[in-house]
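The block underneath contains the structure these notes are about, expressed in structure tokens.
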Amino acid sequence: MPPAVSLRALPGDYVIARFPAGTDTGSLLPDLLRSAGLVSVTRTDREVSIVCDAALAPPGAEVDGEWRALYADGAIPFGLTGVVASLVDPLAAIGCPVFVVSTFDGDVLMTPGDRHADAVGALRAAGHTIAAATDHG
């Protein structure tokens, strides 16, 4: 049986921004990292992806959004298997796109803003709990 996860809605709307590999994004980071909301920067040999508050969408990036975010509350042990699958599978069943950002302590599940209510309903029906957003913390 997949694990039930306690999720907390993060307030606000987010975007996923993409820059080509090799783009110097260093000047963007100080402002992004000072924001109170979710920020994730991932660099690969093919791209730089930035997840951030929609109001902070980096200029010059290819941007997709707006997305809403749910954060898996509490640390998720690295050895625990099936957590992401237990979150993604109910969304796949209703045809809801998903973008996952993993951190050291947990996972952030992102869904398109216009599908967020559907996603919350599907996740609850799958046995997950979701607390309302209260702040960016």
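Proximity of a side-chain donor or acceptor of Thr44 to a complementary backbone N or O of Arg46 within less than 3.5 Å is detected. Side-chain atoms of Arg115 come within 3.5 Å of backbone N or O of Gly95 as a donor-acceptor pair.
Side chains of Val120 and Arg68 form no contact here, defined as non-hydrogen atoms less than 4.5 Å apart. Residues Pro112 and Cys96 have side chains in contact (heavy-atom distance under 4.5 Å, counting atoms from C-beta outward).
When hydrophobic clusters are built by joining Ile, Leu, Val, Met, Phe, Trp and Tyr residues whose side-chain heavy atoms come closer than 4.5 Å, directly or via intermediates, Val41 is not grouped with Phe104. Val39 and Leu28 fall within a single hydrophobic cluster, where Ile, Leu, Val, Met, Phe, Trp and Tyr are joined by side-chain heavy atoms under 4.5 Å apart, directly or via other members. Note: the hydrophobic cluster containing Phe19 does not contain Val63 (ILVMFWY, side chain heavy atoms under 4.5 Å, direct or indirect links).
Among Val100, Val51, Leu10, Val15, the single residue meeting the side chain to side chain contact (heavy atoms under 4.5 Å, CB included) criterion with Met110 is Val51.
With sequence neighbours left out, Asp13 forms a side chain to side chain donor-acceptor pair (under 3.5 Å) with no residue at all. Remark: Ser40 engages no residue in a side chain to side chain donor-acceptor pair (under 3.5 Å) (not counting sequence neighbours). Considering only residues two or more places apart in sequence or on other chains, Glu47 meets the side chain to side chain donor-acceptor pair (under 3.5 Å) condition with Ser49.
A distance of 10.0 Å separates CZ of Arg8 from CG of Leu70, quoted to the nearest 0.5 Å. For the atom pair CD1 (Ile50) and OH (Tyr14), the distance works out to 15.0 Å, reported to the nearest 0.5 Å. Between atom CG of residue Leu123 and atom CG of residue Leu91 there is a gap of 4.5 Å, rounded to the nearest 0.5 Å. The CZ atom of Arg34 sits 10.5 Å away from the CG atom of Leu56 when rounded to the nearest 0.5 Å. With values rounded to the nearest 0.5 angstrom, Glu66 atom CD is found 11.5 Å from Ile16 atom CD1.
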Kindly indicate, with the supporting measurements, whether the criterion side-chain contact (heavy atoms from CB on, under 4.5 Å) is fulfilled by Val83 and Val5. CA-CA 8 Å; Val83 174; Val5 177; 3.9 Å; yes
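Of all heavy-atom pairs between Val48 and Pro20, the closest is CG2-O, 4.3 Å. Summarising the geometry of Val108 relative to Tyr71, their closest heavy-atom pair is CG2-CD1, 3.4 Å, with the distance given to 0.1 Å. Nearest heavy-atom pair, Pro58 versus Cys52, reported as atom, atom and distance to 0.1 Å: CD-SG, 4.0 Å.
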